[in-house]
Amino acid sequence: MASEPPDGLPIGELARRTGVPVATLRAWEDRYGFPRPQRLAGGHRRYGQADAALIGEVLRLRESGLSLQAAIGQAAGRAAEAGLSVFAGLRRRRPGLVPQELSKATLLAITRAMEDECCARAEQATLFAGFQRERFYRQSQQRWEELARTARVAVIFADFGESPSPGAPPDGASLNGASPLTVRIPPDAPLRREWFMVCAAPDHPGFVAGWEFPGQRGVPDARRRFEVLWSVDPPAVWDAALICAQIAGMLSPGLDRLAAELPDGTPPPASADLQRATGLFNRMASYLDKRNDR
């Protein structure tokens, strides 16, 4: 991945990276106000890696059949709405997903099952995980270092301390590495209340995301309650990965290349049989959770 100059990308370099001609980029800006450059003192346009990723998203949406105006609006809207919450972003983008109230013990079991399946079968996966607290991640650190070794990239979100950590690599360096990249969650961010795992892989995609209910001080850790979404539907998993990549780029500027490294194109939806199996699993998880919570 090429590095970004200190003052941003000239329009010619943006055109080269995205495959969209300079004249077309200027026409989009004049007609739609997109992409929106920064202007240097001399009036020259400058862009960031996030602009290149957003243009890539527009091109993918165009391939799926959307008009240019609709694709630009949808891509820009997704970037704006992501905020700093994976769970809220998924609720907005995937309103058809049915949330469940589960204990942390059940949520952790689902997460571990997805991790195991990803480690055993998924190839070249892009992985994201949110652990709320650094101490929770440390309990699974060895497990995630093993996952990272065979993944395209693995990114961990938690309340990591202020001291330097293996976060974003230097500009121009590969995001792929033997260890997970780490992103520090700010104290006031909604992510501090969220637990999630996303496996964006062409062969075995899946995600689970939970939001912890407030007012549970003093409740044993395993019995804390979460509102949970999960899916193995490829387009929903791609949305989850894009949200995580956008948030990582907001919190760690060196990771704004992540969105551009996601697999190209929105994958086809899951079959009707898989959707029925998902509904059955939801009921099973609910019954098991109630039994274990007695």
Side-chain angles (χ1 to χ4, degrees), residues 83-90 99-119 122 125-151 153-168 177-200 206-230 237 240-241 243-245 247-248 250-252 255 258 285 288-289 292-293:
L84 294 179
S85 170
V86 174
F87 189 85
L90 284 166
Q100 292 181 279
E101 182 182 335
L102 301 174
S103 68
K104 184 182 176 183
T106 302
L107 173 59
L108 184 58
I110 296 173
T111 304
R112 286 291 177 89
M114 285 192 174
E115 291 172 357
D116 288 346
E117 191 71 3
C118 180
C119 187
T126 300
L127 305 176
F128 300 93
F131 286 88
Q132 296 183 307
R133 306 287 181 262
E134 181 178 358
R135 60 188 174 91
F136 295 147
Y137 167 60
R138 297 304 176 195
Q139 294 169 7
S140 299
Q141 183 173 357
Q142 183 177 358
R143 182 183 182 86
W144 270 88
E145 287 176 347
E146 292 177 5
L147 286 168
R149 276 196 279 272
T150 57
V153 62
V155 182
I156 304 296
F157 298 78
D159 65 342
F160 294 106
E162 299 287 357
S163 58
S165 62
S179 298
L181 304 175
T182 59
V183 177
R184 180 178 180 272
I185 305 173
D188 57 348
L191 282 176
R192 287 278 180 115
R193 302 197 66 82
E194 298 183 17
W195 185 283
F196 57 89
M197 188 270 178
V198 180
C199 175
F207 82 82
V208 59
W211 173 81
E212 184 180 356
F213 290 108
Q216 300 192 75
R217 183 173 298 177
V219 176
D221 184 60
R223 302 190 68 173
R224 286 156 47 208
R225 307 297 292 178
F226 287 75
E227 188 173 47
V228 178
L229 299 171
W230 77 278
V237 176
I243 291 169
C244 290
I247 293 175
M250 293 178 199
L251 296 179
S252 185
L255 295 181
L258 274 172
L288 289 171
D289 185 72
N292 292 337
D293 203 39

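- When each of I185, L258, L84 is paired with I247, the side chain to side chain contact (heavy atoms under 4.5 Å, CB included) condition holds for L84 and for no other.
- If you look at F128 and F207, their ring centroids are not closer than 6.0 Å.
- The distance from atom CD of E115 to atom CD1 of I110, rounded to the nearest 0.5 Å, is 12.0 Å.
- Y137 has its ring centre less than 6.0 Å from the ring centre of F131.
- L127 and A151 make their closest contact through CD1-CB, 3.9 Å (heavy atoms, listed as atom of the first residue, atom of the second, distance).
- Shown here are the salt bridge (Lys or Arg N to Asp or Glu O under 4.0 Å) partners of D221, two or more places apart in sequence or in another chain: K104, R224.
- A donor-acceptor pair under 3.5 Å is formed between the side chain of E194 and the backbone N or O of V86.
- Separation of atoms CZ (F160) and CZ (R133) is listed at 12.5 Å; rounding is to 0.5 Å.
- In this structure a side-chain-to-backbone donor-acceptor pair under 3.5 Å is missing from R192 to D159.
- Judged by distance alone, the side chain of S252 and the main-chain N or O of A248 form no donor-acceptor pair under 3.5 Å.
- Between atom CD of residue E117 and atom SG of residue C199 there is a gap of 9.0 Å, rounded to the nearest 0.5 Å.
- Minimum interatomic distance between C244 and F196 (heavy atoms only, all atoms of both residues): SG-CE1, 3.8 Å.
- One distance of note links OG1 of T111 with CG of D116; it measures 11.0 Å at 0.5 Å rounding.
- Looking at residues two or more places apart in sequence or on another chain, you find a side chain to side chain contact (heavy atoms under 4.5 Å, CB included) between L108 and R112, W195.
- For R193, the side chain to side chain contact (heavy atoms under 4.5 Å, CB included) test picks out W211, E212, P214, with sequence neighbours left out.
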Working for side-chain contact (heavy atoms from CB on, under 4.5 Å), residues V228 and T106: CA-CA 10 Å; V228 178; T106 302; over 6 Å; no
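- Classification of E134 and R138 as a salt-bridged pair holds, one side-chain N sitting under 4.0 Å from a carboxylate O.
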Test log, rule side-chain contact (heavy atoms from CB on, under 4.5 Å), inputs L251 and L191: CA-CA 11 Å; L251 296 179; L191 282 176; 4.2 Å; yes
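- Across V237, L90, V208, a single residue satisfies side chain to side chain contact (heavy atoms under 4.5 Å, CB included) together with W230, and that is V208.
- Nearest approach of E145 to P180, heavy atoms of both residues: CG-CD, 3.9 Å.
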